[in-house]
Amino acid sequence: QVQLVESGGGLVQAGGSLRLSCAASGSLRSIDKMRWYRQAPGKQRELVAAITSGGSVNYAESVKGRFTISRDNPKNTVYLQMNRLKPDDTAVYYCNVRLLAIGGSYWTENWGQGTQVTVSS
């Protein structure tokens, strides 16, 4: 059994910063790509940032220069540092981790429970 636990969401004023964390635990064998998605009310879930096991990153155009994704492999944790937040960043943020469980025979996509980020103007 594998679990993803997110933390770090909250309420912040425009221009402020937040740092999200997503820690994977349980019967882990290997972790591949780690991603952050977000979903605003009435909108589809969108990819915000991704990082490969080798550290290559990519970002949505709307967050480039403001958000930074990173990972701590020994801790099986991915982070999203969000700076210069805007009201349009308000959404539920989800981590997504592609992993191989101990005893598993194929890679699976796993989701965190989501954490609310609210940016006030």
Sub-6.0 Å ring centroid separation between W111 and Y37: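 Centroid separation for W111 and Y37: below 6.0 Å.
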Going from [atom1] on [X] to [atom2] on [Y], what distance comes out if it is rounded to the nearest 0.5 angstrom?
X: L47; Y: R35; atom1: CG; atom2: CZ; result: 7.0 Å
X: L100; Y: R29; atom1: CG; atom2: CZ; result: 5.0 Å
X: E6; Y: S21; atom1: CD; atom2: OG; result: 9.5 Å
X: N76; Y: L99; atom1: CG; atom2: CG; result: 9.0 Å
X: S120; Y: L11; atom1: OG; atom2: CG; result: 5.0 Å
X: S53; Y: I31; atom1: OG; atom2: CD1; result: 10.0 Å

Please report the shortest heavy-atom distance between [X] and [Y], naming the atom on each side.
X: Y59; Y: A49; result: CD2-CB, 3.6 Å
X: L20; Y: Y93; result: CD1-CB, 3.6 Å
X: L85; Y: R66; result: CA-NH1, 3.8 Å
X: S70; Y: I51; result: CA-CD1, 3.9 Å
X: P87; Y: S121; result: CG-CB, 3.9 Å
X: C22; Y: L4; result: SG-CB, 4.1 Å

Among T108, D32, T52, side chain to side chain donor-acceptor pair (under 3.5 Å) partner for R98: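 Of the listed residues T108, D32, T52, the side chain to side chain donor-acceptor pair (under 3.5 Å) partner of R98 is D32.
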R19/Y79 under side chain to side chain contact (heavy atoms under 4.5 Å, CB included): CA gap, chis, key distance, verdict: CA-CA 7 Å; R19 188 193 195 206; Y79 304 97; 3.5 Å; yes
Test side chain to side chain contact (heavy atoms under 4.5 Å, CB included) applied to Y94 and R45, step by step: CA-CA 9 Å; Y94 299 90; R45 191 171 296 190; 3.5 Å; yes
Polar contact flag, side-chain donor to acceptor under 3.5 angstrom, N73-R71: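 Their side chains do contain a donor-acceptor pair, which is all the 3.5 Å distance test asks for.
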Polar side chain donor-acceptor pair, S17 to N83, under 3.5 angstrom: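 Yes, a side-chain donor-acceptor pair sits under 3.5 Å.
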For the pair [X] (side chain) and [Y] (backbone), establish whether a donor and an acceptor sit closer than 3.5 Å, ignoring hydrogens and angles.
X: Q44; Y: Q39; result: no
X: Q81; Y: F67; result: no
X: T90; Y: D88; result: no

Charged N-O contact under 4.0 Å between E109 and K33: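 No.
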Intermediate values then yes/no, side chain to side chain contact (heavy atoms under 4.5 Å, CB included), I69 and V78: CA-CA 7 Å; I69 188 171; V78 61; 3.9 Å; yes
Heavy atoms from other residues, nucleotides or ligands near CD of Q113 exceed 12 (cutoff 6.0 Å):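 Check passes, neighbour count above 12.
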Transitive ILVMFWY side-chain link L80 to V12, under 4.5 Å: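 Yes, because L80 and V12 connect within a single hydrophobic cluster, where side-chain heavy atoms sit under 4.5 Å apart.
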Side chain to side chain contact (heavy atoms under 4.5 Å, CB included) assessment of R38 paired with D89: CA-CA 9 Å; R38 67 185 180 187; D89 296 318; 2.9 Å; yes
